[in-house]
A.B. asks: 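Questions regarding the structure given below will be posed in turn.
Side-chain atoms are counted along with the backbone in the values below, which use heavy atoms only and exclude waters and symmetry mates.
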Amino acid sequence: MSILHFINEHLPNVIFESPFYYNNEYSIRFELGPPDSNIDNNTYYNVVRERIVALFLAIFTENHPMYIVGVSYEALGDLDGYIEGAIDFRQYSAAHTIENLLNKEDMDEETLELTGHDRFYSLECTPSNIDYIDILGLLGGFSQSGSYLSSRIYFIDQQSQLVFHIYDRGLDIVSPTKEVLVYLYKEFNDWILDYDRKEIDKVFKNIS
């Protein structure tokens, strides 16, 4: 099944835009590092790695099919898009077959002029087909290479239909239904971001 067919059939109401958590009704936002911790130390990133990998493996299994959707921003004009250490989704996934999903115009809010495009790409695979630890490290900041993925990345599990997205210092998991998220809400409750905990608790307050 193509990624567009899958999204239209199973995730029609999921909005793949930042901030991912706030744009979707059924979602949980997790804090990746220890609260009030200095991010420039190994202890912080050891916790980040532990949490990201645990949450990833709670959703994805080695041989179950998944989609990876990467969103790369391309500015108009002669702007230099090179940033040291930045790796585009297409560069990283060059050894795989990448599908071009869609191009979305980005407009200046004040002038309404076109400033660039968001390019959506996808890859269908299983976790066993890719070095998912390396990808998670590039997104979560614990990669030994010092590089990072400059694209927004969404991991989609075909079986549960959960969508996994790492941003800055946090991680959002979105679902088309509340029920699929209940296990994650209970099992990893201590990691929920306190800033959004009250609203998240409201969503799951009637679970048994």
A.B. asks: Got Arg152 and Phe120 here, is their nearest side-chain heavy-atom distance under 4.5 Å?
C.D. replies: yes
A.B. asks: Under the criterion salt bridge (charged side-chain N to carboxylate O under 4.0 Å, His left out), I'd like the reasoning laid out for Lys202 against Glu25: C-alpha separation, chi angles, the key distance, then a yes or no.
C.D. replies: CA-CA 12 Å; Lys202 285 181 183 177; Glu25 182 177 8; over 6 Å; no
A.B. asks: To the nearest 0.5 Å, tell me how far Gln159 CD sits from Thr61 OG1.
C.D. replies: 6.5 Å
A.B. asks: Could you check whether the rings of Tyr154 and Phe16 sit parallel, tilted or perpendicular, using 30° and 60° as the cut-offs?
C.D. replies: perpendicular
A.B. asks: Which pairs, with at least one residue in residues 166-176 and sequence neighbours excluded, count as a salt bridge (Lys or Arg N to Asp or Glu O under 4.0 Å)?
C.D. replies: Arg29-Asp172
A.B. asks: Parallel, tilted or perpendicular: which fits the ring planes of Phe188 and Trp191, with parallel below 30° and perpendicular above 60°?
C.D. replies: tilted
A.B. asks: Grab the two heavy atoms, one from Ile98 and one from Ser93, that are nearest each other, plus how far apart they are.
C.D. replies: CD1-CB, 3.4 Å
A.B. asks: For Gln144, is the CD atom crowded, meaning more than 12 foreign heavy atoms sit under 6.0 Å from it?
C.D. replies: no
A.B. asks: So do the side chains of Leu101 and Ile3 get within less than 4.5 Å of each other, counting heavy atoms only?
C.D. replies: yes
A.B. asks: Side chains of Arg197 and Leu193, heavy atoms from C-beta outward: is any pair under 4.5 Å?
C.D. replies: no
A.B. asks: Can you measure from CG (Asn63) to OG1 (Thr126) and round to the nearest 0.5 angstrom?
C.D. replies: 5.5 Å
A.B. asks: Of the non-hydrogen atoms in Ser175 and Leu181, which two are nearest, and what is the gap between them?
C.D. replies: CB-CG, 3.6 Å
A.B. asks: Do Val203 and Tyr185 come within less than 4.5 Å of each other through their side chains, counting heavy atoms only?
C.D. replies: no
A.B. asks: Checking His117 now: which residues fulfil ring-ring contact (aromatic ring centres under 6.0 Å, His included) with it, not counting sequence neighbours?
C.D. replies: none
A.B. asks: Strictly by ring-ring contact (aromatic ring centres under 6.0 Å, His included), give each pair with a member in residues 27-56 just once, sequence neighbours left out.
C.D. replies: Phe56-Phe60, Phe56-Tyr132, Phe56-Phe155, Phe56-Phe164
A.B. asks: Just verifying a value: how many Å separate Ser122 OG and Asn100 CG, rounded to the nearest 0.5 Å?
C.D. replies: 9.0 Å
A.B. asks: To the closest 0.5 Å, what do you measure between CG (Asp157) and CG (Leu162)?
C.D. replies: 6.5 Å
A.B. asks: Check whether any side-chain heavy atom of Ile68 lies under 4.5 Å from a side-chain heavy atom of Ile130, and answer yes or no.
C.D. replies: yes
A.B. asks: Given Val180, which of Leu184, Thr177, Val182 fulfils the side chain to side chain contact (heavy atoms under 4.5 Å, CB included) condition?
C.D. replies: Thr177
A.B. asks: Just grab all the ring-ring contact (aromatic ring centres under 6.0 Å, His included) pairs involving residues 86-112, residues at least two apart or on different chains.
C.D. replies: none
A.B. asks: Any side-chain heavy atom of Ile15 sitting closer than 4.5 Å to one from Phe20?
C.D. replies: no
A.B. asks: Kindly write out the residues that satisfy side chain to side chain donor-acceptor pair (under 3.5 Å) with Asn24, not counting sequence neighbours, or none if the list is empty.
C.D. replies: none
A.B. asks: Between Thr115 and Asp108, is there a side-chain donor-acceptor contact under 3.5 Å, judged purely by atom types and distance?
C.D. replies: no
A.B. asks: So do Ile153 and Leu139 actually touch side chain to side chain, heavy atoms under 4.5 Å?
C.D. replies: yes
A.B. asks: Could I get the full list of ring-ring contact (aromatic ring centres under 6.0 Å, His included) partners for Tyr195, not counting sequence neighbours?
C.D. replies: none
A.B. asks: For a quick test of reading the model, state the closest non-hydrogen atom pair linking Ser143 to Leu138 and the distance between them.
C.D. replies: OG-CD2, 3.6 Å
A.B. asks: Hey, could you give me the CG/CD1 distance between Leu171 and Ile166, rounded to the nearest 0.5 Å?
C.D. replies: 5.0 Å
A.B. asks: Just so I know, are the side chains of Ile156 and Phe6 near enough to count as touching, which here means a heavy-atom distance under 4.5 Å?
C.D. replies: yes
A.B. asks: Is there a donor-acceptor pair closer than 3.5 Å between any side-chain N or O of Ser27 and the backbone N or O of Tyr21?
C.D. replies: yes
A.B. asks: What is the distance from atom OG of Ser160 to atom CD1 of Ile173, rounded to the nearest 0.5 Å?
C.D. replies: 9.5 Å
